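Ligands are counted one by one from 1 in listed order, and the atoms in each one are counted from 1 as well. All values reported here derive from a predicted model rather than from experimental measurement.
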Amino acid sequence: MNPGLTRRFENLLHQWAGQWFPGSRQGELLRALQRSAERAGFGSDLNGFLNELETRPDERILNLVLNEILVNETYFFRDVGLWEGLEQEILPDILERQAKSRNLRIWSAGCSTGEEPYSLAMLLRALVPRIEDWTLHLLATDLSEKALERARMAVYGKRALRELDRKRWGACFQTTGSTVRLTDSIRQMVHFKRQNLSHEDFPDPLTNRMDLILCRNVLIYLDRDLVERVITRFGECLRPQGWLVLAPTEVPLDPPPSLLLTRLGNGTVLLRRLSSDASSAPAVPTLRTARAQTRRPSPLPLPPPVQTPILPAPAPRIAPLPPPPPAPDPTDLLAQARQAADRGELVSALTLITECVEADPISASGWLVLALVQEEMDLLQDALDSLRRALYLDPELAVGHLQMARVQGRCGDAGVMRSLANFHKSIEGVPSEALLPEGAGITVGEARHLAEILERTWSRMEALS
Ligand SMILES: C[S@@+](CC[C@H](N)C(=O)[O-])C[C@H]1O[C@@H](n2cnc3c(N)ncnc32)[C@H](O)[C@@H]1O
């Protein structure tokens with residue numbers, strides 16, 4: 001295979017949608033190219049297909065390609081800790097501040113098939129007894145037309161409901177055979193719209209003056225420079241004191257000056273737009289100092305006004321939050337999670353390791369252990385997601401590549417060979433008797449042997465199919 005072909009494809013995806021592909025996704029890229037060429041009627045003529053894409057990509061082919069490459073993994077109430085924080089701190093704060101105007105503006109950016117904005121709609125219905133009396137603008141956007149179509153249908157299977165507390169939320173769904181459909185009263189609360197974040201055309205009237213923006217597990221797929229600009233723009237879309245929620249690994253250590261790193265009582269780290277009424281500007285705390293804070297940060301000045309005038313921030317009407325409990329030590333959490341996993345106590349291990357990556361989202365070891373636990377629990381797509389984060393943080397993590405190959409093999413994902421190649425590359429020249437870093441005591445030689453077994457098994461499976 002000519003690597004120039006995948007490079008051309010990668011450039012196009014970068015140009016159209018700001019996509020970024022680390023080494024671990026190169027195999028995926030090639031498969032998406034092959035599948036889209038076939039579906040577009042080019043068979044195995046990848047060069048001809050790329051010529052077409054580079055000269056006159058029509059909307060149909062463009063959608064076909066994006067549908068192949070965009071990762072749409074999501075489910076209801078994904079990341080339990082965050083939803084606790086939303087229910088107990090963030091939404092009550094917003095509802096309190098907006099109680100007078102009864103105007104609520106929320107945006108789920110990169111909403112995929114709708115589970116995230118619908119989870120928000122369900123939570124709002126539970127928190128606000130007469131939500132009909134409010135002017136609610138619950139916007140959900142995504143680049144994938146196919147994902148949005150499914151979101152509008154609001155029909156879901158088991159996978160999407162795996163974290164759902166059926167007792168609490170059962171009334172929001174109607175069962176139709178082996179699937180469920182959200183009731184109209186929830187569906188109608190969400191307004192779906194196609195949007196490409198890489199066009200950087202926000203704030204606009206639909207996206208400005210937001211009280212809350214969720215953009216989780218989306219930035220991880222985008223080019224670094226674009227990510228910085230998108231976060232700055234999200235800041236411009238927020239009302240003063242509005243909240244920006246990203247996935248733990250996506251929270252920047254040095255956010256733009258208009259946004260402050262903030263930690264909720266349960267440890268969830270997020271960003272908050274500064275209030276406009278501050279007069280002095282203390283240094284913006286970094287993630288580390290934000291974690292160490294025991295009180296809510298003092299307000300800092302606003303950046304220059306954006307397109308629409310922003311109302312002066314009202315004096316906070318809610319009681320200040322009690323000081324958060326001392327931050328859990330991620331190293332302790334990691335060790336406890338490993339011990340729980342070794343004892344086979346997977347639910348405790350999952351809780352501990354989730355807490356660990358929330359407290360320290362840039363710990364590659366944390367994501368690696370999370371992936372192990374998820375794999376044990378057969379949450380294979382989640383495990384792949386966690387491994388991508390681990391390898392994004394530490395591309396040399398040999399054990400991560402090996403684990404990735406194993407999970408890919410279990411999913412029937414042909415990325416196995418690429419991951420194995422990455423594994424071999426990361427231990428090139430390392431003597432066999434050396435211990436594999438993070439390898440729970442196995443040597444590099446033993447790891448090489450495991451890789452060979454995986455390689456042989458995969459080749460045999462391919463020959464059979
Ligand atoms: C893994 S899903 C995240 C879904 C949900 N936010 C969650 O955390 O469960 C990532 C979504 O980002 C969308 N996406 C990727 N690049 C995008 C872009 N440039 N503009 C808008 N959406 C994009 C994909 O289509 C996909 O649906």
Return the set of residues passing side-chain hydrogen bond (donor to acceptor under 3.5 Å, both in side chains) with His191 (not counting sequence neighbours), or none when no residue passes. none

Are Glu115 and ligand 1 in contact, using a heavy-atom cut-off of under 4.0 Å? no

Test Phe76 against Tyr156 for ring pair (Phe, Tyr, Trp, His ring centres under 6.0 Å), laying out the working first. CA-CA 10 Å; Phe76 283 91; Tyr156 297 100; 5.0 Å; yes

Say whether Tyr221, considering both its backbone and side-chain N or O atoms, lies within less than 3.5 Å of an N or O atom on ligand 1. no

Pairs of nitrogen or oxygen atoms closer than 3.5 Å, one from Arg216 and one from ligand 1: do any exist? yes

Over 12 foreign heavy atoms within 6.0 Å of CZ, Arg7: no

Would you indicate whether Arg150, at its atom CZ, is surrounded by more than 12 heavy atoms from other residues, nucleotides or ligands within a distance under 6.0 Å? no

Using only atom types and a distance under 3.5 Å, with no angle test, would you say the side chain of Thr268 pairs donor to acceptor with the backbone of Asn266? no

Atom 16 (N) of ligand 1: the protein heavy-atom neighbour that sits closest, reported with distance to 0.1 Å: Gln19 NE2, 2.9 Å

Answer yes or no: are there more than 12 heavy-atom neighbours, outside Glu52 itself, under 6.0 Å from its atom CD? yes

Starting from atom 23 (C) of ligand 1, which protein heavy atom do you reach first, and at what distance in Å? Leu143 CB, 3.8 Å

At what distance is the nearest protein heavy atom to atom 20 (N) of ligand 1, and which residue and atom is it? Leu197 N, 2.9 Å

Could I get the full list of ring-ring contact (aromatic ring centres under 6.0 Å, His included) partners for Trp169, not counting sequence neighbours? Phe77

Do Asp142 and Ser144 have side-chain N/O donor and acceptor atoms under 3.5 Å apart? no

Under 3.5 Å, N or O to N or O, is Gly110 touching ligand 1 that way? yes

Atoms of ligand 1 less than 4.0 Å from Ser112 heavy atoms? 4 (C), 27 (O)

Say whether Trp107 and Thr141, considering side chains only, have a donor N or O and an acceptor N or O under 3.5 Å apart. yes

Would you mind listing which atoms of ligand 1 come within a distance below 4.0 Å of any non-hydrogen atom of Glu116? 5 (C), 6 (N), 7 (C), 8 (O)

Just go through Val71, Thr74, Asn196, Leu66 and tell me whose heavy atom is the nearest to atom 2 (S) of ligand 1. Val71

Which residue and non-hydrogen atom of the protein lie closest to atom 25 (O) of ligand 1, and at what distance in Å? Asp142 OD1, 2.6 Å

Validation row, ring centre Trp20 to ring centre Tyr392 under 6.0 Å: yes

So is Ala17 in contact with ligand 1, going by heavy-atom distances below 4.0 Å? yes

Does Leu70, backbone or side chain, put an N or O under 3.5 Å from an N or O of ligand 1? no

Heavy atom to atom 14 (N) of ligand 1, shortest distance: which of Leu222, Val218, Thr141 holds it? Val218

Within the 4.0 Å heavy-atom shell around Asn217, which atoms of ligand 1 are there? 1 (C), 2 (S), 3 (C), 7 (C), 8 (O), 10 (C)

List the closest protein heavy-atom neighbour of atom 21 (C) of ligand 1: residue, atom name, distance to the nearest 0.1 Å. Gln195 O, 3.3 Å

